Each structure stands twice: as structure tokens, then as C-alpha cells.
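Worksheet for the structure shown next.
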Amino acid sequence: MNREPLFAAPGPVLCVVGARPNFMKMAPILRAFAARVPPVRSLLVHTGQHYDADMNDRLFVDLRLPVPDINLEVGSGTHAVQTADVMRRFEPVVDANNPSCVVVVGDVNSTLACALVAAKKGVPVAHVEAGLRSFDRSMPEEVNRVLTDQIADLLYTTERVAHDNLAREGVDPQRAHFVGNVMIDSLLANRVHALPLADTLLRAGVAASSFDASNGYGVVTLHRPSNVDRADVLGPLLGVLRDVSERLPLVFALHPRTRGNIERFGLNELVAGKRIAVLPPQGYLEMLGLMTGATLVLTDSGGMQEETTALGVPCLTLRENTERPITIEQGTNTLVGRDRDAILREVGEILAGRGKRGRVPELWDGRAAERIAAHLDDWIARRAQKVEA
Ligand code: UD1
């Protein structure tokens, strides 16, 4: 006689990605789930926040990410519209799959939106890269971080200071687990496949003869609204980069937001010329190769502050603050804001061979995803037993 089981078996773990910086964090987690015996059942959900071939497809290939099981196809919009659309489209996915947990990574709008849907439905949420704080609430990511951490059941952290931040916000310390940095898992796993500069320039259609990097080069990325959304901010910043390029040629990988604003504000002249190679957003292996070979990196990215620390390449961060203080205390990162003198001074120091060398932080050892998978697998099993008891 067939009898219905008294309790449904725990459903799959829903793994959410939305935007570019999520992909390199989720790839090693999915692999670690698959490597468990028996494997942790998981479904990859893409919200569609990033959708361009440059921002999305190439990274999926580079990181050997599977085709998402579910794509919510939300696309671009204001923060409210984007967050609301993700929530509306994610709710039926949760209803249909009875997940044992929803795993979100990082701090993008998709992270908060999916965490909120799950939490309201009583589905456990695991937040990877929890507890980081810039203490700057004008940053959309900071709002996403604070709120996601408040509603997540499991908080996996990359550095110990995260635990102090969480404790200050009243988060039960039992929920937080120091596991290391999954983004560095991806970096270490893919380092051997990183593309050399010459190949990347060729692919981007930049003739080797028109860009002389024989005495070194710098890598630039810029995309934060606070740096690129106003002409009177972006213009002077590009002016400083132009000054830097007179001392060190620069490879500038342009985010679509930045490209659009440069055109809209009529600033193309500032990035023209032989000393600056302007490239579209790069694939993961291209970017890894660019950073690995660079004399220095100038960026407002969160992830690249950590990647340069792991690679031992000096990083000048074009922001007033960072949510990743370990990259300053132990790594190769220096905050320079948009201060022309500070930027040129630090560039001079690096070119004189006095750049920060740093060391690799604790547990940035390529095994963070393995630790997460082991902990989460056990946690889900114990929770299922408790429910049955
Ligand atoms: C988002 C994240 C940010 C992350 C960044 C990496 C939030 C709040 N921000 O910012 O933390 O560092 O991703 O890129 O979630 N666009 C395209 N093609 C795309 C995606 C976007 O052209 O595939 C353009 C659109 O004009 C869009 C704009 O870029 O409006 C911004 O995209 P959005 O996802 O809103 O934010 P990002 O600035 O990329």
C-alpha cells in the first residue's frame, strides 16, 4: 500500500544569482554542493538583473556555470522596480519548489529581493559574504547588506570584522560562521586559465602596436553611481586618470553605465589616445589576466579590492570607504577617493617600487565553498530531523 510520507523530504537549495559579481561567488558553491556525497540538490535561479552578453554570458562560460534552471528575466529598472520585479517573479519559484534553503551571495538588489521573499515564507536564507559594512548608507549595496543580514538564518563571512559588525546590529552570533572567501576560491581555481594581456587586447580589437605596455600598465574599472552618474564628478575623475596614463598606460574596461554616461556628458576626449585602451566589460579570465599582469589597479569595485589582495597587486580604490577593511589592513589596497594629489602620489609610490605587498588573509585559501557546503548540508539535515521529531 502506498502511503504518503508524513513529512515531505527537504526540497532543493535554491541558489540565486543576479548580477556580474554574484557569478564568481556562486560557481564554487555549486561545485562544492555537487561534490558532497550524496550531492546537495540545488537549482540555479538567475534573476536576469544583468543580461548583456558582456556582463553575463561570457562569465557563465568562463566560470563553467551551468545554464540556470530558472531565469526570472527582470532586466534593468529603478531600484524599486528591479527589486519588486525580482520579488514578484521569485515568489512562485519558492512556492513551486519547497526549498530547504535559499542561498544568496553579495549585496546586489537580487540578493535582498530573494532573501526577503524566502524569509517571509519561512524558508531559511543563507547569506554568503555577510557582515561587510562600508557604514555608508548612501550606497545601495550597504542597504542591501544590512537588511539581508537581518533576515538571513545563516551568515557566512569572509573576514572576522564582519562578526563585530553583525553583533553591533544585534544579530545572534550563533548564526554567523567564518568560512573564508568564495570569490578567492574562483580566483585560485581559474588562475591557470587567465588570459594574457596581448590576447585580451586582440579580442577587443586593440592593435598591439597602438598600445605599448612593455613597461607595465594599469587596469581601471569604474561603475559606482557616486563616481559616474554626475558630469562634474566623472569629468574630473577621468581627467586624473588621463594624468595617470601619462606615467603608466591604462587598460580601461568600461561598464555599460559608465560608457553611457561618458557619451551623454560628452567626455569621450578624456579617454581617447594611445595611452588608454578602452575595452568593453571583460570576461572573467580576461580580467584575471589583466589584473595578474598589472603594475597597479584603479577601481571602485568591491570584488577587485579582494582579488588584487589575493594576487598581491597594488590596488588604489577610488572610494572614500570600503566594506572590506582587511584588504587595507593586510592586503594591497589603499583608499584614495577622488583626490587628484592622493591618486598621483600613490601611483608615484607604486611606480617607485614602494607599493603595498600585503599578505593573503586568513581562510582565503580556495576552500571556502567546501566549508559552506559541509556546514549547510549538515544544518539542513539537522533541521529536517528536528521538524520530524
Ligand atoms: C550592480 C550592483 C553593484 C555591482 C554591479 C556590478 C546593485 C544595487 N548594484 O550595479 O553592486 O557592483 O552590478 O556590475 O544591485 N546594464 C546593461 N547591461 C546589463 C546590465 C546593466 O547595459 O547587462 C546597464 C543598464 O543601463 C542598467 C545599468 O547598467 O540600468 C545599471 O545596471 P544595474 O544592474 O541596475 O546596476 P549596476 O550598476 O550594474
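Counting starts at 1 for both ligands and their atoms, in listed order. Just so you know, these numbers come straight off a predicted model, no measurement behind them.
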Quiz prompt | Heavy-atom proximity to atom 34 (O) of ligand 1, best of Arg20, Met139, Gln49, His255 | solution =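 Looking at heavy atoms only, Gln49 sits closest to atom 34 (O) of ligand 1.
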Quiz item: Relative to atom 5 (C) of ligand 1, which among His223, His79, Glu142 owns the nearest non-hydrogen atom?
Solution: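 Minimum heavy-atom distance to atom 5 (C) of ligand 1 goes to His223.
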Quiz item: Based purely on interatomic distance, does Asp52 place a nitrogen or oxygen under 3.5 Å from a nitrogen or oxygen of ligand 1?
Solution: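 Yes, at least one N or O pair falls under 3.5 Å.
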Quiz prompt | Arg257 N/O under 3.5 Å from ligand 1 N/O | solution =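 Yes, since at least one N or O of Arg257 sits under 3.5 Å from an N or O of ligand 1.
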Specify the protein heavy atom at minimum distance from [atom]: its residue, its atom name, and the distance to 0.1 Å.
atom	result
atom 16 (N) of ligand 1	Tyr51 OH, 3.7 Å
atom 3 (C) of ligand 1	Glu141 OE2, 3.1 Å
atom 8 (C) of ligand 1	Asn109 OD1, 3.3 Å
atom 32 (O) of ligand 1	His50 NE2, 4.2 Å
atom 2 (C) of ligand 1	Val108 CG1, 3.7 Å

Quiz item: Could you walk me through whether Arg319 and Asp136 pass the salt bridge (Lys or Arg N to Asp or Glu O under 4.0 Å) check?
Solution: CA-CA 11 Å; Arg319 288 174 45 189; Asp136 174 4; over 6 Å; no
Exercise. For ligand 1, indicate whether the residue Pro21 contacts it via side chain, backbone, both or neither (heavy-atom separation under 4.0 Å).
Key: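 Answer for Pro21: side chain.
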Quiz item: Are Thr327 and Thr309 linked by a side-chain donor-acceptor pair shorter than 3.5 Å?
Solution: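 Side-chain D/A pair, Thr327 to Thr309: absent.
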Quiz item: Can a donor-acceptor pair be found between the side chains of Asn181 and Glu306 at a distance below 3.5 Å?
Solution: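 There is such a pair between these side chains.
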Practice problem: Would you mind telling me which of Glu129, Glu159, Gln305 makes a side chain to side chain donor-acceptor pair (under 3.5 Å) with Arg324? | Solution: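 One option only clears the test, and that one is Glu129.
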Self-check item: Centroid-centroid distance, His46 to Phe60, less than 6.0 Å
Solution: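 Yes, they do, as the ring centres are separated by less than 6.0 Å.
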Going by the atom numbers of ligand 1, which of them fall below 4.0 Å from some non-hydrogen atom of [X]?
X	value
Gln82	34 (O), 35 (O)
Met55	14 (O), 19 (C), 23 (O)
Pro256	16 (N), 17 (C), 22 (O)
Ser76	21 (C), 25 (C), 27 (C), 30 (O)

Quiz item: Counting N and O atoms only, with roles assigned by atom type, does the side chain of Asn144 sit under 3.5 Å from a partner on the main chain of Leu112, one being a donor and the other an acceptor?
Solution: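 No, because the side chain of Asn144 does not come within donor-acceptor range (under 3.5 Å) of the backbone of Leu112.
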Quiz prompt | Test item: Arg20 side-chain N/O and Met55 main-chain N/O as donor-acceptor pair under 3.5 Å | solution =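 No, the answer is negative, given that no donor and acceptor are paired below the 3.5 Å cut-off.
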Quiz item: Which of parallel (below 30°), tilted (30 to 60°) and perpendicular (above 60°) describes His177 and Tyr156?
Solution: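 Rings of His177 and Tyr156: tilted, as their planes differ by 30° to 60°.
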Quiz prompt | Heavy-atom pair with the smallest gap, counting every atom of Leu132 and Glu323 | solution =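 It is CD2-O, 3.3 Å.
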